[in-house]
Structure formats: structure tokens, C-alpha cells
Amino acid sequence: MIESRARVWRKIGCYYALTLVFGNVFNAFVLDAGKVDAGNLLYVTGAMWSPEFATKRLFSESIRELPWWWGEARYVWLGYLTPIANAVPVYFVAWLTGIGGFADAAFVQKTAEQFGWIYFPTWLVLPFFILCTATLGLVGKTSRALGEEIGWRGFLVRELAKVTSFTGVALISGAMWAV
């Protein structure tokens with residue numbers, strides 16, 4: 001089925017309006033809560049996942065049309081390792097030159113208390129924190145980011161591509177994101 005340009009533009013407008021509404025509503029809850037905790041993470045998840053699902057529902061379309069599939073394993077690994085490879089040299093330069101500090105005793109103590117590791121040897125807290133963050137912590141962060149990516153790249157960009165050129169897609173989605 002070929003959609004009319006007007007319908008596609010309505011979907012784009014609806015998605016963007018819902019992104020602004022859901023984003024602001026959930027941000028208000030986050031600001032009202034006053035600190036980052038598990039409840040706030042639910043609000044962030046709602047803001048990331050809601051606009052594309054609501055738009056699909058309002059236009060009587062299936063969410064199965066959204067790009068849910070995983071890419072090839074090598075690209076998944078590249079997506080995981082590339083940011084690490086980019087960050088490590090920057091951190092080393094910051095630590096070696098003294099313009100940035102490494103985790104001090106207060107940070108290690110606070111981390112041990114927050115995670116219930118007060119009986120761990122001090123030298124084990126930071127490596128264990130890094131390991132947990134780089135594995136288990138990644139699941140929650142990835143799930144929230146995935147909702148945003150499915151919305152902006154999987155829904156918005158695909159819809160814009162139906163009605164404008166590559167340059168138009170880049171400029172319009174970039175302007176929408178900037179707002």
C-alpha cells in the first residue's frame with residue numbers, strides 16, 4: 001500500500017508532537033522526584049518508548065513494522081567496543097596529565113555503600129563496579145536508548161524518507177532533534 005504524502009506528514013507531525021508531550025510530561029515527573037532513582041528510570045523509559053508506539057496506534061498501524069531486529073553480531077560488538085576504544089585514551093591522557101582525577105577513596109567508599117559491597121576489599125570495588133556497569137548496567141541503558149533509536153531512526157527517518165530527499169531527512173530530523 002502506498003501512503004499519501006499528507007498522511008505521512010501527519011504521522012511525522014503526530015510523532016513529533018507526542019515526543020514533545022511525553023518528553024515534557026515524563027521530565028516533569030523526574031524533576032518533581034528530585035533525584036535519580038529507579039522510578040526516574042521508568043519515566044525515562046516511558047519518554048523513550050511511548051511516542052512511536054502511540055503514533056503507530058493512532059494511525060492503526062502495527063508495531064511489527066518498526067525495525068526490531070538485531071544486526072550482525074560483528075556490528076553489535078563494534079557498537080559496544082567503539083565507544084570504549086574512543087574513551088579509554090581520553091581518560092588516560094586526563095589521568096596522566098593531571099587534568100582529571102581517577103576514582104578517589106571517597107568515590108570507592110560511596111560506591112561500596114550504594115551497592116552493598118562494604119565488606120569487599122577496597123581494591124576490588126572499582127573493578128567490580130566497572131564489570132557490573134559494563135555488563136548488567138548496559139541492559140537498562142540499552143533498553144532505554146533502543147526505544148529512542150527505534151523512534152527517531154526506525155520510525156521518523158523512515159517516514160521522512162518517504163516524502164523528502166536524504167538531505168531533507170537529515171536537515172528536518174536534525175532540526176526536530178535540536179528543538
Side-chain angles (χ1 to χ4, degrees), residues 15-16 18-55 63-64 66-157 173-174 176-179:
Y15 170 77
Y16 192 56
L18 289 173
T19 298
L20 295 174
V21 168
F22 282 121
N24 285 313
V25 167
F26 284 117
N27 281 340
F29 286 128
V30 169
L31 290 173
D32 188 55
K35 65 177 185 164
V36 175
D37 62 15
N40 286 351
L41 295 178
L42 291 176
Y43 299 145
V44 171
T45 303
M48 300 292 190
W49 282 91
S50 298
E52 59 269 22
F53 286 160
T55 301
I63 61 171
R64 291 181 181 165
L66 293 170
W68 292 94
W69 53 91
W70 281 96
E72 293 180 39
R74 67 181 168 155
Y75 295 119
V76 174
W77 280 109
L78 278 171
Y80 179 78
L81 295 173
T82 299
I84 295 169
N86 288 330
V88 167
V90 174
Y91 278 100
F92 277 128
V93 168
W95 295 328
L96 292 174
T97 61
I99 61 173
F102 194 71
D104 59 6
F107 173 81
V108 173
Q109 180 64 32
K110 183 177 176 184
T111 301
E113 289 170 5
Q114 287 177 331
F115 285 86
W117 301 337
I118 56 173
Y119 299 111
F120 281 26
T122 304
W123 62 268
L124 188 59
V125 171
L126 193 57
F128 199 60
F129 173 72
I130 292 169
L131 178 67
C132 287
T133 302
T135 56
L136 302 173
L138 188 69
V139 174
K141 301 232 185 283
T142 300
S143 69
R144 286 182 287 285
L146 181 63
E148 183 178 25
E149 289 304 311
I150 287 174
W152 283 88
R153 305 313 161 248
F155 177 80
L156 178 66
V157 167
S173 66
M176 291 169 87
W177 182 254
V179 170

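Note that the structure is predicted; figures quoted are calculated from it, not measured.
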Of all the heavy-atom pairs spanning L78 and P83, show the shortest one and how long it is. O-CD, 4.3 Å
Here the gap from E148 atom CD to R153 atom CZ, rounded to the nearest 0.5 Å, amounts to 7.0 Å
Out of curiosity, I63 CD1 to T55 OG1, how far, rounded to the nearest 0.5 Å? 12.5 Å
Between G23 and A47, the two heavy atoms sitting closest are CA-CB, 4.3 Å
When you measure from the side chain of Y15 to the backbone N and O of F155, does any donor-acceptor pair fall under 3.5 Å? no
Begin with the C-alpha distance, continue with both residues' side-chain angles, and end with the deciding distance and a verdict on side-chain contact (heavy atoms from CB on, under 4.5 Å) for L124 and W117. CA-CA 9 Å; L124 188 59; W117 301 337; over 6 Å; no
Decide yes or no on side-chain contact (heavy atoms from CB on, under 4.5 Å) for F115 and F120, but give the supporting numbers first. CA-CA 11 Å; F115 285 86; F120 281 26; over 6 Å; no
Using 0.5 Å steps for rounding, measure from the CD atom of Q109 to the OG1 atom of T122. 7.5 Å
Counting only pairs under 3.5 Å, give me each side-chain donor-acceptor contact of residues 100-108, with atom names and distances, residues two or more places apart or in other chains.
from : atom 1 : to   : atom 2 : distance (Å)
D104 : OD1    : F107 : N      : 2.9

Can you see which heavy atom on M176 is nearest to which on Y16, and at what distance? O-OH, 2.8 Å
Rounded distance [0.5 Å steps], OG1 in T97 versus CZ in F92: 13.0 Å
Which of parallel (below 30°), tilted (30 to 60°) and perpendicular (above 60°) describes Y80 and W77? perpendicular
Looking only at atom types and distance, does a side-chain atom of W49 sit under 3.5 Å from a main-chain N or O of I150, one as donor and one as acceptor? no
Atom pair NZ/CG of K141 and L138 - distance to nearest 0.5 Å: 9.5 Å
Considering all heavy atoms of both residues, which atom of V90 and which atom of N86 are nearest to each other, and what is their separation? CG2-O, 3.6 Å
Could you label the plane-to-plane angle of the F22 and F26 rings as parallel, tilted or perpendicular, counting under 30° as parallel and over 60° as perpendicular? parallel
Heavy-atom pair with the smallest gap, counting every atom of G46 and P51: O-CD, 4.4 Å
To the nearest 0.5 angstrom, please state how far the OG1 atom of T19 sits from the CD atom of E52. 7.5 Å
Do you know the tightest heavy-atom contact between G71 and V76? O-CG2, 4.1 Å
Please walk me through it: do F53 and L66 pass side-chain contact (heavy atoms from CB on, under 4.5 Å)? CA-CA 9 Å; F53 286 160; L66 293 170; 4.0 Å; yes
